[in-house]
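Have a look at the structure below, then the notes.
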Amino acid sequence: MKIHEYQAKEIFTRYGIPVPKNKMVESAEAIDGALREIGGDTFVVKAQIHAGGRGKAGGVRVAQGASEAARIAREMLGAKLVTRQSGPQGRVVRKISLDAAVAIDREYYLAVTLDRAKARGVILSSQAGGMDIEEVAHTQPEKINKTYFDLVFGLASYQAREVALGLGKDPAFVKAVTQIVQKLTEIFVRLDASLVEINPLVLTRDGAVTAIDAKIDFEDNGLYRHPEVGALRDPLEEDPREVEAKKYNLNYVGLDGSVGCMVNGAGLAMATMDVIMLAGGMPANFLDVGGGAKVDQVKAAFKIILSDERVKSILVNIFGGIMKCDVVADGIIQAARDVQLRVPLVVRLEGTNVEKGKELLRQSGIRITPAEGLSQAASLAVQLAGKS
Ligand code: ADP
């Protein structure tokens, strides 16, 4: 789960990582009051969207004086912002953060994430911080330092110092950065984050070290332990198909292909996507309706798949174990009656109550292409997607 920069900064403040004074606003009326509260005479107006690359896209703008800041803030609120991470359709800016500007001497990069292959935490740090860290990682990977740590024993203090010494030698700087590295790691471990990032971490002209950007991504599977983190979710920033799927407890991930998939079981869903690709097609989604799906869930799953305009055919692949084939068949029939089934539907049923399920489908009068076996089902779905 992603959260906004202003929310990540609130967490930083709670853990003692310094950030510039800032205030989130979501209405034009709140702007003047927020600027007065921040004070000073130089401000940074920052669009709050769940996508990076805002700086280069005009989503981070420096303003001299409160009236210029207010003008920029009003312009930004409600406008659409297209960044290299937002997708070509861009995002509507519903929230902005008004920050006190700091006089920057140097910019650094600092992040904590998980190295899944090594099953360890890793701190990424670089003197080449700022807006182009992805480019640095690509072209000059040697400029990014990696420090691994054990997730159970945590980060040793000498390691935190080592990270800081990799960025600078001034004693006050090293002390400040060491503390920030320790706190960043503490946030990462305690809150079950998958990424905690500061880009850039800055050394100001008066020698202070502060995080002018903040990003935290959380591991969805850990959210049940942190209801206060779950409460930070902003559904308006998420894929509407995935938001809808969550309501029905469906495991759905939106992809870009043309073959919609409805499968029970995550392993079978992965295998189905593989076989679709083997047959020369591209899946439009990952969807695991779960072992004990009810008619309502199957119906909802269908509607979500069909709401995606890229979907040109649907492949239903059900292996009835706990899930019974007749329940799926019933869901398919109800959904097909409820929504306009605008694309061909290939169904492969196997397992518990399979004959009952097939019979229900036959009697329903809905146009279905039945398939025997997964490879035939996938080839048919891919062929039909190509034709429609
Ligand atoms: P993004 O990563 O989405 O482009 P950032 O938060 O990193 O957005 O902001 C982009 C740039 O704007 C920073 O690299 C920094 O140079 C400048 N900036 C952002 N916040 C401030 C601030 N409070 N004071 C001064 N400069 C800032």
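Just so you know, ligand 1 is whichever comes first in the structure, and atom 1 is the first atom listed for that ligand.
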[X]-ligand 1 polar pair, N/O distance under 3.5 Å:
X      : answer
Ala100 : yes
Gly55  : yes
Val102 : yes
Arg54  : yes
Asp213 : yes
Lys56  : no

Pair Tyr108-Phe173, ring-ring contact (aromatic ring centres under 6.0 Å, His included): steps then yes or no: CA-CA 12 Å; Tyr108 304 87; Phe173 174 83; 5.2 Å; yes

Quick check on contacts: which atoms of ligand 1 are under 4.0 angstrom from a heavy atom of [X]?
X      : value
Glu107 : 13 (C), 14 (O), 15 (C), 16 (O)
Val60  : 8 (O), 9 (O), 12 (O), 19 (C)
Gly53  : 3 (O), 4 (O)
Asn199 : 7 (O)

Classify the side-chain pair Asp234/His50 by whether it contains a donor and acceptor separated by less than 3.5 Å. no

Side chains of Glu197 and Tyr109: do they bring a donor and an acceptor to under 3.5 Å? yes

Under 3.5 Å donor-acceptor, [X] side chain and [Y] backbone:
X      : Y      : value
Asn285 : Cys261 : yes
Gln48  : Tyr6   : yes
Asp308 : Leu306 : no
Thr204 : Val102 : no

Is the CD atom of Glu309 crowded by more than 12 outside heavy atoms at less than 6.0 Å?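 Counting neighbours around CD of Glu309, 12 or fewer heavy atoms of other residues, nucleotides or ligands fall under 6.0 Å, so no.
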
Can Glu350 and Lys324 be counted as an ion pair, charged N to O under 4.0 angstrom? no

Is Thr83 touching ligand 1 with its side chain, its backbone, both, or neither, if touching means heavy atoms under 4.0 Å apart? neither

Any idea which of Ile212, Val62, Ile198 brings a heavy atom closest to atom 27 (C) of ligand 1?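 It is Ile212 that holds the nearest heavy atom.
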
Out of Leu81, Ile104, Leu98, Thr204, who is nearest to atom 26 (N) of ligand 1 when you count heavy atoms only?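 Minimum heavy-atom distance to atom 26 (N) of ligand 1 goes to Ile104.
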
